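Taking it in order: structure first as structure tokens, then the write-up.
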Protein chains: 2
Amino acid sequence: MTKKKVTITQVAKYAGVSVGTVSNYLNGTVSVSPEKAEKVQQAINDLDYTPDALASSLRSKNSKTIYVLTPNLRNAFYTNIISALMEYAYKAGYSVNISGYEYSDERERKQLRLLGSCKQGSSVIIFNGYNDETEIRRLVKKDMHVILADRQTFVKNTSSVNYENHQVVFELVRLLKEKGYQTIGLMAELTELENIRKRRDSFIEAMHYYGFKNPEECVFEDKSLSLDKLRNSYLYMKWLLEHNKKENLPKAWIATSDYLAIGMMRAINEKGYSIPGDFGIVGFDNLDLSGYINPRLTTAEQDQELFGKTLWEVVKRMKQTGKTEQIVLPQKIIIRESC
Amino acid sequence: MTKKKVTITQVAKYAGVSVGTVSNYLNGTVSVSPEKAEKVQQAINDLDYTPDALASSLRSKNSKTIYVLTPNLRNAFYTNIISALMEYAYKAGYSVNISGYEYSDERERKQLRLLGSCKQGSSVIIFNGYNDETEIRRLVKKDMHVILADRQTFVKNTSSVNYENHQVVFELVRLLKEKGYQTIGLMAELTELENIRKRRDSFIEAMHYYGFKNPEECVFEDKSLSLDKLRNSYLYMKWLLEHNKKENLPKAWIATSDYLAIGMMRAINEKGYSIPGDFGIVGFDNLDLSGYINPRLTTAEQDQELFGKTLWEVVKRMKQTGKTEQIVLPQKIIIRESC
DNA sequence: TTGAAAGCGCTACCAG
DNA sequence: CTGGTAGCGCTTTCAA
């Protein structure tokens with residue numbers, strides 16, 4: 001009872017024309033006479049024909065899918081960007097293929113390797129990632145368009161889209177200093193990630209610059225913080241609060257992501273401390289939620305819609321011109337209640 | 001300077017065997033003698049060959065990609081489920097193709113139509129959605145395996161995975177009654193979505209059952225609430241608070257999603273009211289964040305990891321047996337501080 | 001403009 | 001077990 005797949009050949013036969021004509025009609029590569037066109041359309045309707053995208057791109061070496069490799073889909077930061085990207089892709093008839101590597105570099109390399117079996121000319125967007133230069137070069141050599149997103153590493157013949165991460169940290173430190181905080185701590189995730197490392201380094205620089213002492217000792221980082229951030233930062237902060245006198249902890253905190261900040265806030269709240277009274281907190285990302293929690297979170301906004309849009313534009317331009325480009329997007333500090 | 005794509009033919013030539021042998025070696029369909037195997041592997045390494053997935057599935061009519069159609073990626077509910085699914089898919093060498101339809105039924109149909117050009121035998125997972133029966137039937141007719149997720153609509157020859165939405169609402173109403181709330185309101189999104197409608201209907205039933213009067217008047221629903229939930233529920237609640245005396249509003253609220261609940265909480269907070277003192281709130285979903293906000297949100301948990309896993313199992317079973325199945329997953333109420 | 005024919009890179013089948 | 005060969009469904013020459 002299984003209906004046989006309708007092919008272009010059948011359509012051609014039904015319409016009494018050649019497959020070439022049907023193909024031309026479908027793609028508009030060459031114009032087709034009105035009568036034939038009508039017959040073909042009729043056949044398509046009658047037979048309920050849909051072109052096979054696979055066969056099409058096999059032959060035409062031109063795939064309409066964008067591959068996205070991301071740490072995971074559990075972080076709104078990525079999903080917002082990808083959403084925006086998908087939006088543009090959709091309008092242009094592209095589809096988006098997503099995979100996650102859960103912050104494992106081994107796994108990332110594996111996925112990258114898998115991508116090697118996709119059509120040349122496909123676009124590949126890689127979020128963060130590390131220790132992957134070799135695999136990336138493989139892809140580039142296979143003529144894929146790779147775009148490095150939200151990371152600093154530079155690989156030859158790839159494009160990149162990033163947020164500015166130096167100046168914004170300086171501004172954050174200055175803001176906290178101006179608000180009167182005498183000590184500032186940095187709560188940071190896994191520093192193998194380039195942009196987090198950048199924020200860490202800039203933090204130390206800025207602290208020196210603004211006259212704080214021993215900034216190195218104010219950096220709190222932990223591998224656990226890159227996974228299940230909410231829970232682990234909560235646990236970490238809770239531990240800090242239980243094992244230190246309040247006076248010995250920084251009065252203000254910069255968290256390298258809003259998730260971290262929110263987890264910390266929970267721990268601080270539970271201990272009976274107030275924000276921003278006892279501790280000031282600023283985050284990074286400006287998640288949708290960050291303006292709705294209590295107190296509302298001060299954070300460095302990274303415009304994700306813009307990022308997604310930029311990504312799409314780079315994809316398109318690379319297809320057209322084959323040229324790579326490096327783009328740096330600004331961050332903006334959103335001052336709310338938490339510091 | 002562009003490197004020509006390495007094909008199976010070249011590998012065969014280089015290794016001094018036939019393409020068939022290389023294919024057999026690669027797929028393990030038929031065993032290959034050790035010497036030949038070694039030669040082939042050598043050739044693969046030397047030439048840096050990667051099989052073309054497209055050509056492979058064109059020929060074998062067996063695609064290893066799962067298509068997911070979701071309202072969007074901005075809701076952690078979906079992304080958590082998809083994350084879990086991706087995890088299983090990844091382990092089995094499948095890839096996941098995601099598109100969003102932004103809650104537009106027209107757009108959903110369009111995407112569904114596009115999916116028609118994918119390989120027969122592919123799996124398609126559709127989250128929510130409505131007015132799409134015709135397109136779904138088309139896909140089924142083309143021998144695709146379609147799985148309806150988180151929706152009640154039944155279409156012949158499709159599988160489905162859902163949460164139980166009737167009993168859980170009864171339990172919620174009972175919980176609030178037992179906590180002493182005299183009036184309960186329901187804050188609900190767009191009711192074209194089957195599961196939301198189900199919650200609404202169950203709410204009215206449950207309210208009657210537990211002796212509340214005029215439950216129909218306690219239903220607050222608005223189309224705006226399905227998009228940008230956080231902001232729009234905040235705005236809606238703010239409006240309600242400004243245009244009604246506190247005594248005239250329900251003392252307890254059931255929101256059909258945590259996002260809605262969080263937006264409402266913000267509005268209540270801003271007005272200077274306390275939770276759960278002045279208003280009790282319960283949500284639906286149990287987002288990661290819901291246990292970390294202030295006050296911690298009581299909510300009906302829908303185990304998203306389990307949902308994703310179930311989805312994957314259904315995909316696999318459909319591929320193996322071709323049989324469809326209907327699965328209903330339980331919800332669990334997580335009692336925290338907000339009521 | 002149109003039809004015929006030659007593949008895209010791979011798997012499946014067949015004979016040996 | 002192996003090599004040869006016929007396609008999967010489509011696009012793209014190329015002549016007509």
Side-chain angles (χ1 to χ4, degrees), chain A residues 2-40 43-44 47-65 116-122 142-144, chain B residues 2-41 43-44 47-65 116-122 142-143:
Chain A
T2 294
K3 211 167 182 175
K4 209 62 206 101
K5 173 146 205 176
V6 181
T7 73
I8 200 175
T9 320
Q10 295 172 47
V11 174
K13 210 163 277 173
Y14 188 96
V17 300
S18 76
V19 289
T21 305
V22 180
S23 176
N24 285 337
Y25 171 72
L26 250 31
N27 304 303
T29 4
V30 183
S31 55
V32 171
S33 72
E35 322 90 84
K36 302 246 172 195
E38 201 185 333
K39 275 192 199 163
V40 171
I44 290 175
L47 267 38
D48 192 22
Y49 165 74
T50 10
D52 183 324
L54 242 58
S56 162
S57 40
L58 171 61
R59 186 63 236 247
S60 66
K61 1 192 95 315
N62 158 36
S63 123
K64 284 218 162 189
T65 109
S117 43
C118 300
K119 279 254 77 62
Q120 37 179 288
S122 303
K142 295 208 182 232
D143 265 340
M144 313 199 71
Chain B
T2 293
K3 212 168 180 175
K4 215 51 215 105
K5 173 148 205 173
V6 181
T7 73
I8 200 174
T9 319
Q10 296 172 47
V11 174
K13 212 164 276 173
Y14 187 96
V17 300
S18 76
V19 288
T21 305
V22 179
S23 176
N24 286 336
Y25 171 74
L26 250 31
N27 304 302
T29 3
V30 183
S31 53
V32 172
S33 74
E35 323 88 86
K36 303 246 171 196
E38 202 185 333
K39 275 191 199 163
V40 171
Q41 185 55 60
I44 290 175
L47 266 38
D48 191 24
Y49 166 73
T50 10
D52 183 324
L54 241 59
S56 163
S57 41
L58 171 61
R59 184 64 239 245
S60 65
K61 0 193 93 317
N62 158 38
S63 127
K64 283 218 162 190
T65 111
S117 46
C118 300
K119 280 254 74 66
Q120 40 179 286
S122 301
K142 293 207 183 234
D143 264 341

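Worth knowing before you read on, the calculation uses all heavy atoms, side chains too, and leaves out hydrogens, waters and symmetry mates. Bear in mind the structure is a predicted one, so any value in this text is a computation, not a measurement. In what follows, chains are A, B, ... by sequence order, proteins preceding strands, each numbered from 1.
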[X]: what forms a side-chain contact (heavy atoms from CB on, under 4.5 Å) with it, not counting sequence neighbours?
X	result
B:S56	B:S60
A:T21	A:V17, A:S18, A:V32
A:S33	A:E35, A:K36
A:T7	A:T9, A:Q10

Given Watson-Crick and G-U pairs under 3.5 Å, DNA chain D in dot-bracket ([ ] crossing, | other strand) is ||||||||||||||||
[atom1] of [X] versus [atom2] of [N]: gap in Å, rounded?
X	N	atom1	atom2	value
B:K119	C:dC10	NZ	C1'	12 Å
B:K13	D:dG3	NZ	P	14 Å
B:L47	C:dG9	CG	C1'	15 Å
B:Y14	C:dG9	OH	C1'	20 Å
B:L54	C:dG7	CG	P	20 Å
B:L26	C:dA12	CG	C1'	15 Å
A:L58	C:dG7	CG	C1'	10 Å
B:I8	C:dG7	CD1	P	19 Å

Problem set entry | Distance-only donor-acceptor test, A:R59 side-chain atoms vs D:dG9 base atoms, 3.5 Å |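 No such pair is found, so the answer is no.
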Review point. What residues form a side-chain hydrogen bond (donor to acceptor under 3.5 Å, both in side chains) with B:Q41, not counting sequence neighbours?
Key: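 B:Q41 satisfies side-chain hydrogen bond (donor to acceptor under 3.5 Å, both in side chains) with B:Y25, B:N45 once adjacent residues are dropped.
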**Q.** Qualifying residues under side-chain hydrogen bond (donor to acceptor under 3.5 Å, both in side chains), relative to B:S23, sequence neighbours excluded
**A.**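 side-chain hydrogen bond (donor to acceptor under 3.5 Å, both in side chains) list for B:S23, sorted by chain: B:N27.
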Review point. How about B:Y49 and B:L26: do any of their side-chain heavy atoms sit closer than 4.5 Å?
Key: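 Sidechains of B:L26 and B:Y49: in contact.
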Do A:I44 and A:V40 touch side chain to side chain, with heavy atoms closer than 4.5 Å?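 Of all side-chain heavy-atom pairs linking A:V40 with A:I44, at least one is under 4.5 Å.
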So which pairs with a foot in residues 51-60 of chain A pass salt bridge (Lys or Arg N to Asp or Glu O under 4.0 Å), sequence neighbours left out?
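For residues 51-60 of chain A, and leaving out neighbouring residues, the salt bridge (Lys or Arg N to Asp or Glu O under 4.0 Å) pairs sorted by first residue read A:K5-A:D52, A:D52-B:K119.
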| task | Return the nearest nucleotide to the side chain of B:S60; candidates are D:dC10, C:dG9, C:dA12. | result |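 Given the options D:dC10, C:dG9, C:dA12, the side chain of B:S60 is closest to C:dA12.
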inquiry  = OP1 or OP2 of D:dC10 versus the side-chain N and O atoms of A:Y49: is any pair under 4.0 Å?
reply    =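 For D:dC10, OP1 or OP2 has a side-chain N or O of A:Y49 closer than 4.0 Å.
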With a 4.0 Å limit, can you tell me whether A:S56 has a side-chain N or O closer than that to the phosphate oxygens OP1/OP2 of D:dT11?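 It does, given that an N or O in the side chain of A:S56 lies less than 4.0 Å from OP1 or OP2 of D:dT11.
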Table of protein N/O atoms under 3.5 Å from nucleotides 2-5 of chain C N/O atoms:
{"residue": "C:dT2", "atom": "OP1", "partner": "A:S33", "partner atom": "OG", "Å": "2.5"}
{"residue": "C:dT2", "atom": "OP2", "partner": "A:S33", "partner atom": "N", "Å": "3.0"}
{"residue": "C:dG3", "atom": "OP1", "partner": "A:K36", "partner atom": "NZ", "Å": "3.4"}
{"residue": "C:dG3", "atom": "OP2", "partner": "A:S18", "partner atom": "N", "Å": "3.0"}
{"residue": "C:dG3", "atom": "OP2", "partner": "A:S18", "partner atom": "OG", "Å": "3.2"}
{"residue": "C:dG3", "atom": "OP2", "partner": "A:T21", "partner atom": "OG1", "Å": "2.5"}

How is A:S23 classified with respect to the nucleic acid when contacts are heavy atoms under 4.0 Å: base, sugar-phosphate, or nothing?
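Base: the residue A:S23, judged by heavy atoms under 4.0 Å, touches a nucleobase.
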